[in-house]
Number of protein chains: 2
Amino acid sequence: MASDSQRPKTPSTPRAAQPTAAAATPRKQLMENEVLEHATRLFAERGFSGTSLQDIATSMGLKRPALYYYFKSKDELLDRLIVEGVNGPAHELAAIAKRSDLGPAERLHAITRQNVKWVLTHTDLFLLLVKSESELSPASAKKFNAGRRDAADMVAAVIEEGVAAGELRPVNTRVAALSVFGISNWTAWWFQPGGDSIDSVADQVADMALASLQQSDLAERQAMSPRRAIAALRQDLDRLEQTLGQDRSS
Amino acid sequence: MASDSQRPKTPSTPRAAQPTAAAATPRKQLMENEVLEHATRLFAERGFSGTSLQDIATSMGLKRPALYYYFKSKDELLDRLIVEGVNGPAHELAAIAKRSDLGPAERLHAITRQNVKWVLTHTDLFLLLVKSESELSPASAKKFNAGRRDAADMVAAVIEEGVAAGELRPVNTRVAALSVFGISNWTAWWFQPGGDSIDSVADQVADMALASLQQSDLAERQAMSPRRAIAALRQDLDRLEQTLGQDRSS
DNA sequence: CCTACCGATCGGTAGG
DNA sequence: CCTACCGATCGGTAGG
């Protein structure tokens, strides 16, 4: 076997610092990730069809055929990215939806917040997904659509629960859920790294999403039991007392 | 001058049924629009780079070079569509923003409603704009960005006014305005012609957009004058009376 | 609005 | 990971 001067020799004892099988081919894995990152950025900017493998190779200082050492085809490259984009946010959102320590309104807020944060920390991948949806392989398109549907169903279920609990307004849950995704996802098009932080934007957008569906005090009072109406009156009196307390002459 | 057998002769009296100069070349104009429509649909589906002139020609039953009888280049075709997409909704939105018969909250609702209706009646053109932004000529990109900025500024100004009037919550007006566009624009990705009507969806989304920024009764009461606090108390009493009236035994 | 043609570039492969 | 090459397709033009 000819020695490869480019590749540093690994220690002769195979068990040294290799906890997983994935670490067996570190060099190739590293380059693979490098290709994926460059491809994500370029596909997001110019679209899948608008980006040639030549573009990707040039951006990495490689010749185009070198990419075939890591990927079978341009389509496989895209499919790899799609899987990443579909599976990435799903688990975190599902985990929030299941939390029993939060009411439905609180979960809706947390989900929106998390969704915005994911979009803004994976903007290239997100824009790539949205722009290249029509160019996916049939298998990837199926996964992509299933992931989108599951996410919408999950949010719709939380909203449904919130409506039943009287925390949210009675609405078309499908329209409401998709609108929550709309307000979240659109951040990808306008967020500027120089201005508000990702956390700040996520908070503001989550506040708006929750407020857009929250039961107003007025509507709540209109459907109120006598006992709760009296409690509300007491609150109003407290508030009035406070207001007058600030200006005793009135 | 050689006569053109393809073009039907116009009546010798030039004032007959020709109100505008645009009607002078009806045949070519008609075909031009036909090309634009097919191009819009295909560009929206597969993107600008993902659609060849061959695709467009085939979809119209023409050979590819025939398209050059109507357009100088593929880029000119795109630019023509961009202008349509940028100028289309701008006037209507600006008109609503200026209406003095409506309060700022009402104007925000009307603007959102109109925006959703435009997106859902021009979905192909809208998706084309969003997907092909990076492939625009420098001149078109400039117009496109200016149009987007103007629209956001206009909505931000209405929101600012609503905050000053106490109708809307104090928020970052830029984030709020862009979020209103987010909830509106995203309808392009999920609206299904079979379900709720465009008007119904536009109403629901506008309700959510307004609610997302509307001053809650609670916050309003907290900043209330004694006179208004007493009025609110009276309303609460009315409501309590009504509730008890439905069940005199309690 | 067509046929015939152009150079450039595309994704992908052979062979090392 | 490179050089050299493949057929296919791209946008655009000549000439009618």
Side-chain angles (χ1 to χ4, degrees), chain A residues 1-8 25-40 42-43 45-82 128 132 134-137 140, chain B residues 2-8 25-39 42-43 45-82 128 132 134-137 140:
Chain A
M1 193 189 288
S3 77
D4 185 348
S5 63
Q6 292 280 47
R7 180 171 53 195
T25 54
R27 173 181 294 276
K28 192 165 181 180
Q29 291 264 344
L30 236 63
M31 272 300 288
E32 246 183 66
N33 286 335
E34 195 78 8
V35 175
L36 287 172
E37 278 173 34
H38 280 81
T40 302
L42 291 171
F43 286 161
E45 279 173 13
R46 318 178 193 172
F48 179 69
S49 302
T51 306
S52 68
L53 292 179
Q54 186 64 254
D55 294 333
I56 298 172
T58 302
S59 79
M60 300 180 65
L62 297 176
K63 298 296 179 183
R64 185 174 54 83
L67 298 176
Y68 289 93
Y69 182 61
Y70 305 107
F71 298 96
K72 277 186 204 161
S73 69
K74 194 186 180 189
D75 288 293
E76 197 208 280
L77 224 179
L78 178 59
D79 280 1
R80 284 277 298 272
L81 296 174
I82 299 304
L128 156 62
S132 305
S134 66
E135 314 189 75
L136 265 42
S137 69
S140 284
Chain B
S3 76
D4 184 349
S5 63
Q6 293 279 49
R7 181 170 51 198
T25 55
R27 173 181 294 275
K28 193 164 180 178
Q29 291 263 345
L30 236 63
M31 273 299 288
E32 246 182 67
N33 286 336
E34 194 78 9
V35 175
L36 288 172
E37 280 174 31
H38 280 80
L42 292 171
F43 287 161
E45 280 173 12
R46 317 176 195 174
F48 179 69
S49 302
T51 305
S52 67
L53 292 180
Q54 186 64 255
D55 294 332
I56 298 172
T58 301
S59 79
M60 300 180 67
L62 296 176
K63 298 297 178 183
R64 187 174 53 83
L67 298 176
Y68 289 93
Y69 182 61
Y70 305 107
F71 298 95
K72 276 186 205 162
S73 68
K74 195 187 178 188
D75 288 293
E76 196 209 282
L77 224 178
L78 178 59
D79 280 1
R80 284 276 300 270
L81 295 174
I82 299 304
L128 157 61
S132 305
S134 65
E135 314 190 75
L136 263 44
S137 70
S140 284

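All figures in this text were calculated on a predicted structure; none of them were measured in a lab. Every chain is numbered from 1, with letters handed out A, B, ... down the list of sequences.
- The distance from atom CD of Q54(B) to atom C1' of dG12(D) is 13 Å, rounded to the nearest whole Å.
- Rounded to an integer number of Å, the gap from L42(B) CG to dC10(D) P is 13 Å.
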Walk me through whether E45(A) and L42(A) qualify under side chain to side chain contact (heavy atoms under 4.5 Å, CB included). CA-CA 5 Å; E45(A) 279 173 13; L42(A) 291 171; 4.2 Å; yes

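- Backbone-only engagement by T51(B) is indicated by non-hydrogen atom pairs under 4.0 Å involving sugar-phosphate atoms exclusively.
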Just the table, please: protein N/O against nucleotides 6-9 of chain C N/O, every pair under 3.5 Å.
none

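- Heavy atoms of M60(A) sit nowhere under 4.0 angstrom from any nucleic acid atom.
- Rounding to whole angstrom units, CD of residue E34(A) and C1' of dC1(D) are separated by 15 Å.
- Counting only distance, with no hydrogens or angles, the side chain of K74(B) and the backbone of F48(B) share a donor-acceptor pair below 3.5 Å.
- The side chain of Y68(A) lies closest to dT13(C) when the candidates are dC1(D), dC10(C), dT13(C).
- Residue L53(B) contributes atom CG, which lies 5 Å from atom P of dG11(D) at whole-angstrom precision.
- When heavy atoms are screened at a 4.0 angstrom cut-off, F71(A) is found touching no nucleic acid atom at all.
- Atom-to-atom, NZ of K74(A) to C1' of dG11(C) comes out at 8 Å; the value is rounded to the nearest Å.
- Looking only at atom types and distance, the side chain of D79(A) has a donor-acceptor partner in the side chain of S140(A) under 3.5 Å away.
- Contact check for L53(B) versus L77(B): side-chain heavy atoms found under the 4.5 Å cut-off.
- In this structure, a donor-acceptor pair under 3.5 Å is absent between the side chains of T58(B) and D55(B).
- Counting only distance, with no hydrogens or angles, the side chain of S132(B) and the backbone of G47(B) share no donor-acceptor pair below 3.5 Å.
- Computed from coordinates, the L78(B) CG to dG12(D) P distance equals 12 Å when rounded to whole Å.
- Distance, D75(B) CG to dC10(D) P: 16 Å, rounded to whole Å.
- Taking all atoms of both residues into account, the shortest heavy-atom contact from Q54(A) to R64(A) is N-CD, 3.7 Å.
- Of the candidate nucleotides dT3(D), dC2(C), dC1(D), dT3(D) has the atom nearest to the side chain of K63(A).
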If pairs are Watson-Crick or G-U with both distances under 3.5 Å, what is the dot-bracket string of DNA chain D, marking crossing pairs with [ ] and pairs to another strand with |? ||||||||||||||||

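- Separating the CD atom of E76(A) from the C1' atom of dG11(C) is a distance of 14 Å, rounded to the nearest angstrom.
- Relative to the side chain of P65(A), the nucleotides dC2(D), dC1(D), dA4(C) differ in distance, and dC2(D) lies closest.
- The backbone N or O of R46(A) lies less than 3.5 Å from no partner atom in the side chain of T51(A), so there is not a single donor-acceptor pair.
- Under the salt bridge (Lys or Arg N to Asp or Glu O under 4.0 Å) criterion, E34(B) pairs with no residue, sequence neighbours left out.
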